[in-house]
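All remarks here apply to the structure that follows.
Model, not experiment: these values are computed from the prediction. Index from 1, following the sequence. Basis for what follows: all heavy atoms, side chains included, without hydrogens, waters or symmetry-related copies.
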Amino acid sequence: MTNETNTQKKPGFSRATADAVIEVVSKDPESVSRISSWLGDVMPSSLGWTGSVRNWFYVFTGEDPTEPDVAAKVCTGIADATAAAINRAIKSEKDPLRGIRRATTIDRASPHIGVHHTATHVLTDEGGEAVFDWHATLEIDNPMISKVADWLNCTGEVPAKQFTGW
């Protein structure tokens with residue numbers, strides 16, 4: 001008699017699924033307008049600081065984060081727009097985004113320095129999930145991607161162009 005253990009593997013998140021999500025967001029004019037920045041062209045994606053640099057630019061130039069134009073381009077505005085684009089694509093009759101159950105926003109407070117941050121939480125039909133952080137890179141085709149637990153702990157994020165799935 002063998003002693004079997006019941007080890008259920010948590011559903012993963014594939015590169016193909018990540019690419020499909022990114023494609024949807026890259027075709028959404030509202031998401032593109034909120035994410036796009038020249039900073040995304042000059043800062044290394046792997047740092048994940050590009051959106052923070054833009055936020056500091058707003059602070060130094062006296063921009064008011066409660067103004068709609070500024071609020072749309074900080075992390076919460078980006079996450080709201082990208083989650084909405086993904087959810088619209090899921091429901092699309094013309095070209096539905098398959099395999100994705102829903103997208104929401106997810107919030108964290110950095111355990112290291114207490115900074116609050118919001119990103120896009122994507123759940124698959126099979127129960128897989130990933131966090132897409134466009135604010136971190138300000139690159140429409142290269143958000144940071146991570147597992148939820150890693151993102152909440154500010155670890156394990158990888159630029160989409162380097163993402164291989166799990």
Give a yes or no on whether the backbone of I140 and the side-chain of W134 come within a donor-acceptor separation of less than 3.5 Å. yes

What about V74 and V115, same hydrophobic cluster or not, with Ile/Leu/Val/Met/Phe/Trp/Tyr joined at side-chain heavy-atom distances under 4.5 Å? no

Would you say the side-chain atoms of T137 and N142 include a donor-acceptor pair closer than 3.5 Å? no

Would you indicate whether the side-chain heavy atoms of T50 and E139 approach each other to under 4.5 Å? no

Counterpart residues, side chain to side chain donor-acceptor pair (under 3.5 Å), relative to S26 (two or more places apart): none

What pairs of residues pass the ring pair (Phe, Tyr, Trp, His ring centres under 6.0 Å) test when at least one of them lies in residues 65-90, not counting sequence neighbours? none

Taking R108 for its side chain and H117 for its backbone only, find out whether a donor-acceptor pair lies under 3.5 Å. no

For T120, give me all partners under side chain to side chain donor-acceptor pair (under 3.5 Å), at least two apart in sequence or on another chain. T82

Would I100 and D125 count as a side-chain contact (heavy atoms from CB on, under 4.5 Å) here? Give the steps. CA-CA 5 Å; I100 302 296; D125 290 339; 5.7 Å; no

With rounding to the nearest 0.5 Å, note down the distance linking CG in L138 to CG in L39. 6.5 Å

Residue pair N87, R102: steps toward the side-chain contact (heavy atoms from CB on, under 4.5 Å) verdict: CA-CA 6 Å; N87 287 325; R102 74 175 187 271; 3.9 Å; yes

Between T76 and A71 the two heavy atoms that sit nearest each other are OG1-O, 4.3 Å

For R54 and S37 the tightest heavy-atom approach is NH1-CB, 3.6 Å

Residue pair S36 / V32: nearest heavy atoms and the distance that separates them: OG-O, 2.7 Å

Do V21 and V24 have side chains that get closer than 4.5 Å, going by heavy atoms? no

Mind checking whether T124 and R101 have side chains closer than 4.5 Å, heavy atoms only? no

Could you list the donor-acceptor pairs under 3.5 angstrom formed between side-chain atoms of residues 157-164 and any protein atom two or more places apart in sequence or on another chain?
unit_1: E157; atom_1: OE2; unit_2: W151; atom_2: NE1; d: 3.2

Sequence neighbours excluded, every pair satisfying ring pair (Phe, Tyr, Trp, His ring centres under 6.0 Å) that has a member inside residues 12-50: F13-F132

Determine whether I86 and V122 make a side-chain contact, defined as any pair of heavy atoms from C-beta on separated by less than 4.5 Å. yes

Non-neighbouring partners of S52 that pass side chain to side chain donor-acceptor pair (under 3.5 Å), sequence neighbours left out: none

Write out all pairs satisfying salt bridge (Lys or Arg N to Asp or Glu O under 4.0 Å) with one or both partners inside residues 17-39, taking only residues at least two apart or from two chains. R15-D19, E23-K27, D28-R88, E30-R34

ILVMFWY network linking W166 to I106, side-chain heavy atoms under 4.5 angstrom: no

Can you list everything that forms a ring-ring contact (aromatic ring centres under 6.0 Å, His included) with H121? Sequence neighbours excluded, please. none

Co-members of the apolar cluster containing F60 [side chain, <4.5 Å]: W56, V59

Would you check if the side chain of D133 reaches a backbone N or O of P143 as a donor-acceptor pair within less than 3.5 Å? no

Contact summary for M144 and A136, nearest pair of heavy atoms: CG-CB, 3.7 Å

Quick one, V25 and I35 - any side-chain contact, counting heavy atoms below 4.5 Å? yes

Those residues at least two apart in sequence (or on a different chain) that pass salt bridge (charged side-chain N to carboxylate O under 4.0 Å, His left out) with E129 are K10

Residue list, side chain to side chain donor-acceptor pair (under 3.5 Å) with N153, at least two apart or on another chain: none

Taking only residues two or more places apart in sequence, or in another chain, which ones meet D150 in a salt bridge (charged side-chain N to carboxylate O under 4.0 Å, His left out)? none

